[in-house]
Amino acid sequence: MHSMPAVTISHNGKWLACQSLDNQVVIFNVLNRMKMMRKKVFKGHMVAGYACGVDFSPDMSYLISGDADGKMYIWDWKSTKLFSKFKAHDDVCISVLWHPHETSKIASAGWDGVIKYWD
């Protein structure tokens, strides 16, 4: 198991998403005891060496992450398949957050010194 420098808990308090430095997001069920969900792994991005943030959509439909190339990745929560990816920043996309009430809005921050609000 690799280091997991960025973690976030789901809005319902059931899941913990951990950004692993081996270029995947792993999920733990945190209700009764910490249990890694081996079938809930999100891949396709490159974060090795960076603590890029992850976040759940408020309705638990998607998981989002930044990456070392400045891209933003959005995965479908149920299938773990990549839903969308796009260039968000000119340098590392270090943080991404869903708006807690308006599910179509996302904020991102990059090492290019820019904070963006996506709709």
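Each residue takes its place number in the sequence, starting with 1.
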Joining Ile, Leu, Val, Met, Phe, Trp and Tyr whenever any side-chain heavy atoms lie under 4.5 Å apart, the cluster holding Tyr117 also takes in none
Scanning both residues in full, the closest heavy-atom pair of Gly49 with Leu21 reads N-CD2, 3.7 Å
Open item on the list: Just checking Ile9: does its CD1 atom have more than 12 heavy atoms from other residues, nucleotides or ligands closer to it than 6.0 angstrom?
Closed with: yes
With sequence neighbours left out, the residues meeting ring pair (Phe, Tyr, Trp, His ring centres under 6.0 Å) with Phe86 are Trp118
Inset, instruction - Treating Ile, Leu, Val, Met, Phe, Trp and Tyr as nodes and any side-chain heavy-atom pair under 4.5 angstrom as an edge, say whether Ile27 and Val30 lie in one connected cluster. - result: no
Sequence neighbours excluded, the answer for side chain to side chain contact (heavy atoms under 4.5 Å, CB included) partners of Leu82 is Tyr73, Trp75, Lys85
Between the OG1 atom in Thr8 and the CG atom in Asp55, the distance rounded to the nearest 0.5 Å is 5.0 Å
Checklist entry - Applying the 4.5 Å side-chain criterion to the ILVMFWY set and letting contacts propagate, would Leu16 and Val26 be lumped into a single cluster? => result yes
Donor-acceptor pairs under 3.5 angstrom involving side-chain atoms of residues 36-43: please list them, not counting sequence neighbours.
unit_1: Lys40; atom_1: NZ; unit_2: Trp77; atom_2: O; d: 2.4
unit_1: Lys40; atom_1: NZ; unit_2: Lys78; atom_2: O; d: 3.3

Sequence neighbours excluded, the answer for side-chain hydrogen bond (donor to acceptor under 3.5 Å, both in side chains) partners of Ser10 is Asn12
Residues Cys52 and Val92: closest non-hydrogen pair is SG-CG1, 4.0 Å
Joining Ile, Leu, Val, Met, Phe, Trp and Tyr whenever any side-chain heavy atoms lie under 4.5 Å apart, the cluster holding Leu31 also takes in none
By salt bridge (charged side-chain N to carboxylate O under 4.0 Å, His left out), Asp119 pairs with (sequence neighbours left out) Lys105
For Asp91, the side chain to side chain contact (heavy atoms under 4.5 Å, CB included) test, sequence neighbours excluded, returns Trp111, Asp112
NZ of Lys35 to CG of Asn29, rounded to nearest 0.5 Å, is 7.5 Å
Nearest heavy-atom approach of Gly53 to Ala6 is CA-CB, 4.2 Å
Closest non-hydrogen atoms of Cys93 and Ala88, given as atom of the first, atom of the second and distance, are SG-CB, 4.5 Å
### Task
Kindly indicate whether the side chain of Met4, heavy atoms from C-beta on, has any atom under 4.5 Å from the side chain of Phe28.
yes
Hits for side chain to side chain contact (heavy atoms under 4.5 Å, CB included) against Ala48, two or more places apart or cross-chain, chain-then-number order -> Asn23, Met46
Under a side-chain separation threshold of 4.5 Å, the hydrophobic residues clustered together with Val47 are none
pair Trp15-Phe56: side-chain heavy atoms closer than 4.5 Å: yes
So OG1 of Thr80 and CD of Gln24: to nearest 0.5 Å the spacing works out to 11.0 Å
Task: Ile106 with Val114, same ILVMFWY side-chain cluster at under 4.5 Å - done: no
Here the ring-ring contact (aromatic ring centres under 6.0 Å, His included) pairs for residues 87-107, sequence neighbours left out, are none
Going by atom type alone, with no hydrogens or angles, which donor-acceptor pairs under 3.5 Å involve a side-chain atom of residues 58-67 and a protein atom two or more places apart or on another chain?
unit_1: Asp59; atom_1: OD1; unit_2: Ser57; atom_2: OG; d: 2.7
unit_1: Asp59; atom_1: OD1; unit_2: Ser61; atom_2: N; d: 3.1
unit_1: Asp59; atom_1: OD1; unit_2: Ser61; atom_2: OG; d: 3.3
unit_1: Asp59; atom_1: OD2; unit_2: Ser61; atom_2: OG; d: 3.3
unit_1: Ser65; atom_1: OG; unit_2: Gln19; atom_2: NE2; d: 2.8
unit_1: Asp67; atom_1: OD1; unit_2: Asp69; atom_2: N; d: 3.0
unit_1: Asp67; atom_1: OD1; unit_2: Gly70; atom_2: N; d: 3.2
unit_1: Asp67; atom_1: OD1; unit_2: Lys71; atom_2: N; d: 2.8

The reported gap from NE2 in His2 to SG in Cys18 (rounded to nearest 0.5 angstrom) is 14.0 Å
